[in-house]
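Here is the structure we will look at.
Atoms within each ligand, like the ligands themselves, are counted from 1 in listed order.
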Amino acid sequence: MAILIGERPAQALWRDYLELTKPKVVVLMLITSLVGMFLATRAGVPWTVLVFGNLGIALCAGGAAAVNHVVDRRIDAVMARTHKRPLAEGRVSPTGALTFALVLALLGQALLLTFTNPLTAWLTLASLLGYAVIYTGFLKRATPQNIVIGGLAGAAPPLLGWTAATGHVSAEPLLLVLIIFAWTPPHFWALAIHRKEEYAKADIPMLPVTHGEHYTKVHILLYTFALLAVSLLPYVIHMSGLLYLICALGLGARFLQWAVVLYRGTRPHAAINTFKYSIWYLFLLFIALLVDHYLLLNL
Ligand code: HEM
Ligand SMILES: CC(C)=CCC/C(C)=C/CC/C(C)=C/COP(=O)(O)OP(=O)(O)O
């Protein structure tokens, strides 16, 4: 029998707090930080860095996401996609969510400082503030380029993984950041086209609302071209081998195909399908980087 707290089952409470951390987004981020870590070294990554480094990054990202829920609770309540969120429906209070965010962020920072290095802790803190304060608190309501600039925070995890393993920044992880940076606009604007009316209703200046669908589709196409080009650079600088090149070309060509289908407007549901594909794309591209890395090491 479920234990009741007031009118609510106790179990729903932890689920609400988990939802605040945007767990699926954070899991994909963790895959990119793990790949950053593994690609950074020829020798293995120490298990403490692997476990507590990634946990630290995940806790800080989850903390940033919880702040996003607090700041956005009023607009979340207006949009169909987000109106059932814990703060939008009042199941979690802003104070409760902010306390939770603070605990996650402090725990994350403590783990990073203890098991990795100050550089990783600083860069993670910058990403946390970049998303929670600069993107959510300011850019989101200020400019249709919000997600392009704010995308840097979400793109950081491969760099965070790399610095956690090595203690320094270098060109290779910055290339991985660049890949996610170029991926973010097609990822988000495809969804924004699908949800255009909701963003307009919430008065958020997303690109399809301010500049129309056609303009947004052209930009998705351009960024997808740029993404395909940038995704080939790991091969060009001999960071990755032939297996990665083939995967990057195949995955990129498919992304481009979706961007063209979306641009032409010939298929129903093209926008949401492009958004869904973008998630598979990033996941598979980073898996390809990892598999290729270990293949190269064994050759
Ligand atoms: C500023 C940058 C970004 C913006 C504006 C953005 C926007 C969004 C939005 C609005 C959703 C929600 C879709 C929904 O609720 O149906 C979403 C979903 C998702 N995003 Fe992003 N995103 C960004 C960066 C990233 C990054 C860097 C990653 C991972 C590396 C990522 C991974 C995902 C995943 C996995 C989902 C699906 C979540 C689910 O099904 O619940 N996003 N994104
Ligand atoms: C430390 C570190 C790596 C920080 C990164 C933090 C993080 C979780 C970034 C996620 C990016 C994202 C999902 C943006 C969408 O926000 P939105 O407010 O536009 O979307 P929403 O309407 O679904 O809330």
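R91 and Y17 share no donor-acceptor pair across their side chains, judged by distance under 3.5 Å alone. In this structure, a donor-acceptor pair under 3.5 Å is present between the side chains of K22 and N68.
Residue-ligand proximity, D72 to ligand 2, at heavy-atom distances under 4.0 Å covers atoms 18 (O). In the vicinity of L282, heavy-atom distances shorter than 4.0 Å reach the ligand 1 atoms 30 (C). Short contacts between ligand 1 and Y135, defined as distances under 4.0 Å to a heavy atom of the residue, involve ligand atoms 5 (C).
The option from R81, E19, M79 that lies nearest to atom 16 (O) of ligand 1, judged by heavy atoms, is R81. Scanning S127, G151, G150 for the heavy atom closest to atom 2 (C) of ligand 2 points to S127. Across the listed options V27, I147, N146, I147 owns the non-hydrogen atom lying nearest to atom 5 (C) of ligand 1. With atom 13 (C) of ligand 1 as the reference point, the heavy atom nearest to it among F286, F275, Y131 is part of F275. Comparing P157, G108, G154 by heavy-atom distance to atom 3 (C) of ligand 2, the nearest is P157. Checking M29, R85, K22 against atom 10 (C) of ligand 2, the nearest heavy atom belongs to M29.
Near atom 21 (Fe) of ligand 1, less than 2.8 Å away, sit the protein N, O or S atoms H187 NE2.
At a 4.0 Å heavy-atom cut-off, ligand 2 does not touch F188 at all. Under 4.0 Å from ligand 1, not a single heavy atom of T82 appears. For K140, every heavy-atom contact with ligand 2 shorter than 4.0 Å involves the side chain, none the backbone.
With sequence neighbours left out, R73 forms a side-chain hydrogen bond (donor to acceptor under 3.5 Å, both in side chains) with no residue at all. For the salt bridge (charged side-chain N to carboxylate O under 4.0 Å, His left out) test, no residue two or more places apart in sequence or in another chain qualifies with E172.
The pair R195-E198 counts as a salt bridge, with a side-chain nitrogen and a carboxylate oxygen less than 4.0 angstrom apart. Between K140 and D72, at least one side-chain nitrogen of the basic residue sits less than 4.0 Å from a carboxylate oxygen of the acidic one, meeting the salt-bridge criterion. We find that K217 and E213 are joined by a salt bridge, their nearest charged nitrogen and carboxylate oxygen being less than 4.0 Å apart.
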Validation: residues 246-273 side-chain donor-acceptor distances under 3.5 Å, sequence neighbours left out:
unit_1, atom_1, unit_2, atom_2, d
R254, NH1, Q257, OE1, 2.6
N273, ND2, H269, O, 3.1

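By the 4.0 Å heavy-atom criterion, R81 is counted among the residues contacting ligand 2. Residue contacts with ligand 2 leave out R195, since none of its heavy atoms falls under 4.0 Å from the ligand.
Scanning all protein heavy atoms for the shortest distance to atom 26 (C) of ligand 1 gives W183 CZ3, 3.5 Å. Among all protein heavy atoms, the one lying closest to atom 41 (O) of ligand 1 is K24 CD, 3.5 Å.
Here the shortest heavy-atom pairing between A192 and Y199 reads CA-CE1, 4.1 Å.
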